[in-house]
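Down below is the structure, laid out as structure tokens.
Quick note on labels: first sequence line is chain A, next is B, and so on, each numbered from 1.
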Protein chains: 2
Amino acid sequence: MQEQTDPPDGPSPGLVSTAIQAITQHIRSEGLAPGDPLPSEAAMTRRLNVSRTVVREAFRSLSAMRLIDLSAGRRATVAKLDTGAMSMVIEHGITTQQISVQQVYDVRRTIEMRTVALAALRRTDMEAAAIAQSARLMRENFKNPEAVMEHDIAFHEAIAAASHNPVFSLIVTAFSGVTRRTWVIGWRTRSSDQAQLKMIKGHEDIADAILRGEPRLAAEHMAEHFDKSVKALLDAGIA
Amino acid sequence: MQEQTDPPDGPSPGLVSTAIQAITQHIRSEGLAPGDPLPSEAAMTRRLNVSRTVVREAFRSLSAMRLIDLSAGRRATVAKLDTGAMSMVIEHGITTQQISVQQVYDVRRTIEMRTVALAALRRTDMEAAAIAQSARLMRENFKNPEAVMEHDIAFHEAIAAASHNPVFSLIVTAFSGVTRRTWVIGWRTRSSDQAQLKMIKGHEDIADAILRGEPRLAAEHMAEHFDKSVKALLDAGIA
DNA sequence: AACAACAACCTGTCATACAGGTTTCGAGGG
DNA sequence: CCCTCGAAACCTGTATGACAGGTTGTTGTT
């Protein structure tokens with residue numbers, strides 16, 4: 001009743017890492033899909049011949065990366081694609097000053113120039129409507145910066161979703177946390193109502209170009225939007 | 001000796017999540033940099049007024065995302081930026097069929113069109129040499145597919161590094177795992193030596209354009225390279 | 001057949017114990 | 001006085017046992 005991964009392999013990188021690998025391997029080899037249940041901790045404990053402590057830490061680690069979902073009483077299940085882990089990596093980079101906000105914006109610009117073009121080509125009518133609605137809500141709430149920000153973020157995430165490439169969604173969403181921390185700074189540099197409404201108009205132009213299915217135009221508006229945003233951040237002294 | 005996060009906030013999302021937040025919060029508020037030590041498990045246990053089990057699982061989770069480094073006997077330290085977590089998310093998406101290989105290549109193309117242009121503008125001489133050397137090693141080992149693949153991956157990572165934006169490096173490196181699983185398929189479709197050498201020539205052209213500091217040209221070669229790679233994968237039946 | 005109580009199982013958290021690695025600091029020798 | 005060696009203190013890795021509370025399936029009653 002004890003064979004498998006005890007003498008042959010696991011000692012150097014630690015038992016927990018081994019367990020993590022065993023679990024991901026299990027998902028792979030069984031071809032599990034999101035929502036499918038994983039073996040219980042007790043079962044894994046027997047299979048790997050380690051203590052429940054080790055198995056628990058492995059499960060917990062995978063849960064932290066959002067590869068599996070845990071909840072009390074129920075078995076762990078395979079998770080749907082989620083940004084959790086990526087967001088934390090990016091935020092860690094920012095808070096430890098290994099990444100600058102400007103660098104994040106450069107990446108966002110690169111990616112969103114593509115998502116906006118893809119969205120213009122592939123958006124469904126519902127997606128186009130959702131994008132347009134986010135822009136509209138920005139205008140309607142424009143006296144409430146926090147609301148504008150949330151609709152702004154939703155706007156960009158909706159465009160990424162309309163690109164029909166989940167990897168783009170993943171990355172764009174991962175950056176939303178950074179946006180939440182810096183957005184206000186950019187907004188403040190647009191001191192007048194006029195400047196703020198102009199920024200909102202830029203979003204509406206993008207939404208319109210997507211609705212009309214014009215990728216080139218949409219990308220141009222997006223480029224302009226980013227250039228102004230970055231300039232605003234630079235003016236505010238963000239490195 | 002017991003106050004802080006016991007009655008007021010932490011119960012609903014679980015103690016471990018609370019502990020994770022407390023640790024990241026600690027890094028933030030203390031302004032810790034990579035390499036700096038974190039409090040010991042015992043200290044955290046006292047501060048949060050929870051069992052060591054909970055603190056350990058929190059540390060372990062952060063370690064799984066590569067936000068901190070753990071090693072036996074030593075205190076945990078803040079980690080340098082690392083791709084670990086991102087890679088696992090991407091691979092999880094692939095193995096659970098929530099992401100297709102082609103979608104990853106589309107994102108890679110988008111990003112590397114930019115990194116190659118940035119590399120042409122910002123590369124140091126050493127970086128240009130490293131890129132060129134990877135291309136050269138591809139040619140020298142071209143009878144050994146596995147070696148060619150590793151140098152190919154190193155080539156793209158070196159370009160990302162030369163873009164001087166760590167976020168690009170992070171993403172490109174995160175995709176390397178996927179490349180390792182699909183690269184051979186593309187190589188096999190280039191059945192003749194001539195086709196294989198032509199593909200290597202493409203890399204040399206990119207390296208040359210970067211060396212000469214011509215972003216436009218470099219991007220063109222990169223686009224060509226990706227279009228052919230995607231075509232090769234499609235011909236091989238990769239969805 | 002519907003429903004309610006129960007039993008079996010599962011995860012969340014705690015306490016304790018010990019092995020093995022790392023750091024620190026002091027004693028002893030040069 | 002400095003260098004070296006070794007022991008003590010501290011730290012993490014892993015195992016074990018225990019119990020609370022949630023979930024699920026089963027059984028027995030109405």
Side-chain angles (χ1 to χ4, degrees), chain A residues 1-2 4-23 26-27 32 35-79, chain B residues 1-2 4-23 26-27 32 35-79:
Chain A
M1 210 182 261
Q2 71 285 20
Q4 184 144 16
T5 74
D6 208 9
D9 47 347
S12 31
L15 298 184
V16 175
S17 301
T18 306
I20 290 177
Q21 254 188 307
I23 297 167
H26 176 86
I27 294 176
L32 298 186
D36 290 348
L38 273 69
S40 72
E41 291 176 2
M44 265 302 175
T45 294
R46 283 190 299 273
R47 192 199 299 194
L48 300 178
N49 217 39
V50 294
S51 72
R52 184 156 89 104
T53 308
V54 171
V55 174
R56 268 199 67 73
E57 290 186 6
F59 271 60
R60 191 63 88 166
S61 294
L62 290 171
S63 166
M65 289 184 283
R66 307 292 192 92
L67 304 193
I68 66 177
D69 287 325
L70 298 180
S71 76
R74 278 199 295 263
R75 301 245 291 266
T77 58
V78 177
Chain B
M1 208 180 262
Q2 70 284 20
Q4 184 143 16
T5 74
D6 208 11
D9 48 346
S12 32
L15 299 184
V16 176
S17 301
T18 306
I20 290 177
Q21 254 188 305
I23 297 167
H26 175 87
I27 295 176
L32 298 186
D36 289 350
L38 275 67
S40 72
E41 292 176 0
M44 266 301 175
T45 294
R46 283 190 299 274
R47 190 198 301 195
L48 300 178
N49 213 42
V50 294
S51 71
R52 183 156 89 104
T53 306
V54 170
V55 173
R56 267 199 69 73
E57 289 186 8
F59 271 62
R60 191 63 88 162
S61 294
L62 291 171
S63 166
M65 289 184 283
R66 306 294 191 89
L67 304 192
I68 66 176
D69 288 325
L70 299 181
S71 76
R74 277 199 296 263
R75 300 244 291 265
T77 59
V78 176

Testing dT11(C), dC14(C), dT12(D) for proximity to the side chain of Val50(B), the answer is dC14(C)

CG of Asp36(B) to OG1 of Thr77(B), rounded to nearest 0.5 Å, is 8.5 Å

Value for CZ (Arg52(B)) from CZ (Phe59(B)), rounded to nearest 0.5 Å, stands at 11.0 Å

Quick one: which protein N/O atoms are closer than 3.5 Å to N/O atoms of nucleotides 4-9 of chain C? Pair and distance per line, please.
none

From CG of Leu15(A) across to P of dT16(D) the rounded distance in Å is 12 Å

Practice item. With the side chain counted from C-beta on, respond yes when Glu41(A) and Met44(A) share a heavy-atom pair under 4.5 Å apart, and no when they do not. Key: no

May I ask you to say what Ser40(B) touches in the nucleic acid, namely base, sugar-phosphate or nothing, with a heavy-atom cut-off under 4.0 Å? sugar-phosphate

- So, is Arg74(A) close to the dT11(C) phosphate, meaning a side-chain N or O under 4.0 Å from OP1 or OP2? no

By side chain to side chain contact (heavy atoms under 4.5 Å, CB included), Ser17(A) pairs with (sequence neighbours left out) Pro13(A)

note: Leu62(B), atom CG; dT12(D), atom P; distance rounded to Å ~ 14 Å

Sorted by position of nearest nucleotide on DNA chain C, 5' first, the leading residue of Leu70(A) and Thr53(A) is Leu70(A)

Quick note, Val54(B) side chain, CB onward, closest among dT11(C), dA15(D), dT13(C) is dT13(C)

Arg75(A) CZ to dG12(C) P, in whole Å, measures 14 Å

Separation between OG (Ser61(B)) and CZ (Arg56(B)), nearest 0.5 Å, reads 11.0 Å

ask   = Quick one: does His26(B)'s side chain get under 4.5 Å of Leu32(B)'s, heavy atoms only?
value = yes

Between CD1 of Ile20(B) and C1' of dT13(C) the distance, given in whole Å, is 15 Å

Atom CZ of Arg46(A) and atom P of dA15(D) are separated, to the nearest Å, by 16 Å

- Message: Please determine whether any donor N or O and acceptor N or O are separated by less than 3.5 Å between the side chain of Arg52(A) and the base of dG17(D).
- Response: no

Asp69(A) CG to dG12(C) P, in whole Å, measures 12 Å

> Arg60(B) side chain N/O closer than 4.0 Å to the phosphate oxygens (OP1, OP2) of dT14(D)?
Replying inline: yes

Counting only side-chain nitrogens and oxygens, does Arg56(A) get under 4.0 Å of the OP1 or OP2 atom of dT16(D)?
no

Whole-Å distance, Glu57(B) CD to dT13(C) P, equals 7 Å

Pairwise side-chain contact, Ile23(A) with Leu62(A), heavy-atom cut-off 4.5 Å (strictly under): yes

Rounded to whole Å, CG of Leu48(B) lies from P of dC14(C) at a distance of 10 Å

